[in-house]
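Residues take their numbers from the sequence shown, with the count starting at 1. Read the numbers this way: they start at 1 and go in the same order the structure lists the ligands and their atoms.
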Amino acid sequence: LPALPSDAPVGRLGDTLFSPYAGGTRFEQLPVSKKTKDALRQCKYVEMTDIQRASLPHALCGRDILGAAKTGSGKTLAFVIPLVEKLYRERWGPQDGVGSIIISPTREIADQTFDVLKLVGRHHNFSAGLLIGGRKVEEEKEHVNDLNILVCTPGRLLQHMDETPNFDCSQLQVLVLDEADRILDVGFKDTLNAIISQLPKKRQTFLFSATQTKSVKDLARLSLKDPEYLSVHEKA
Ligand code: ADP
Ligand code: MG
């Protein structure tokens, strides 16, 4: 093993020496549920990418994450896995309502994220819904309170917050902003502020983007708690 910083958290999990710094490079070595491991294996995900290896151990410890890595580096699994594990550990059930919200800047990205969520969550008992524009909002309104995980665009999420009777996210455990640099952009500013003001502050938050978002204002607005900054760059 490479040398560890003296304050590195190291723990023995089964037979695997596990550490956020020197630990495994395979999903199999992560402290996640069998349901999640089985799904990852069935999807042929074996080796973690750099951003996954850097962020997953921290995210699985309950920390807030600010992650930056280029497009195509595997950021989706870096937030979908800890999100699913958090709800699983909290024994979230169909009756518990909205436990997690993933906000995506576009319908296409929301759609792709929803597919990954379905793969990783296939053995779990959560309900999930895709709430994006261009669909019949009235039908969504009848079901949205029965969903555990929402994958949505900012506009549609706010529409439900404003219009759907009894829409309740007061028990929210995990908030994800995917492509956070684009969501935090001026175009979505008012929408995002309105959304954030209605979410509970005690929660885990993951921000992922292709570029690092370190604006202090943005982070304060999002109530990030001492986030772990992880930036993975291409090797020169
Ligand atoms: P990003 O959000 O960083 O642009 P994605 O999460 O969309 O990247 O992943 C890009 C591609 O890489 C997807 O096709 C995904 O299935 C694949 N991928 C992600 N993680 C892994 C992994 N650990 N092993 C193999 N393929 C992966
Ligand atoms: Mg992505």
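For E140, the side-chain hydrogen bond (donor to acceptor under 3.5 Å, both in side chains) partners at least two apart in sequence or on another chain are R156, H160. Residues passing the salt bridge (Lys or Arg N to Asp or Glu O under 4.0 Å) test with R26 are E47, sequence neighbours excluded.
Residue-level proximity to ligand 1 for K44 is absent, since no heavy atom of it falls below 4.0 angstrom.
Atom numbering of ligand 1 starts at 1 in the shown order; those under 4.0 Å from a heavy atom of T71 are 4 (O). Near E47, with a cut-off below 4.0 Å to any heavy atom, the atoms of ligand 1 are 22 (C), 23 (N), 24 (N). In the vicinity of S73, heavy-atom distances shorter than 4.0 Å reach the ligand 1 atoms 1 (P), 3 (O), 8 (O). Counting the atoms of ligand 1 from 1 in the order shown, those under 4.0 Å from a heavy atom of T76 are 2 (O), 5 (P), 6 (O), 7 (O). Atom numbering of ligand 1 starts at 1 in the shown order; those under 4.0 Å from a heavy atom of K75 are 1 (P), 2 (O), 3 (O), 4 (O), 6 (O), 8 (O). Atoms of ligand 1 found under 4.0 Å from any heavy atom of F27, numbered from 1 in the order shown, are 23 (N). The distance from ligand 1 to the heavy atoms of K70 drops below 4.0 Å at these ligand atoms: 3 (O). Contact atoms of ligand 1 toward L77: 20 (N) (distance under 4.0 Å to a heavy atom of the residue).
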Worksheet entry | E85 vs L56, side chain to side chain contact (heavy atoms under 4.5 Å, CB included): CA-CA, chis, key distance, verdict | CA-CA 11 Å; E85 286 301 302; L56 278 167; over 6 Å; no
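The aromatic rings of Y88 and H124 lie perpendicular to each other, with more than 60° between the two planes, well past the 30° mark.
Protein heavy atom at the shortest distance from atom 20 (N) of ligand 1 is Q52 NE2, 2.9 Å. Nearest to atom 8 (O) of ligand 1 among the protein's heavy atoms is G74 N, 3.1 Å. Y45 OH, 2.7 Å is the protein heavy atom nearest to atom 16 (O) of ligand 1.
Using modelled atom types, no side-chain atom of N125 and backbone atom of P94 make a donor-acceptor pair closer than 3.5 Å.
Within 4.0 Å of atom 14 (O) of ligand 1, not a single protein heavy atom is present.
Side-chain contact, S55 with E228: no donor N or O sits under 3.5 Å from an acceptor N or O. No side-chain donor from either of Q112 and T76 sits under 3.5 Å from a side-chain acceptor of the other.
Side chains of L87 and D96 form no contact here, defined as non-hydrogen atoms less than 4.5 Å apart.
In this structure, R182 does not pair ionically with D185, as no charged nitrogen and carboxylate oxygen lie closer than 4.0 Å.
Considering backbone and side-chain atoms together, G72 places an N or O closer than 3.5 Å to an N or O of ligand 1.
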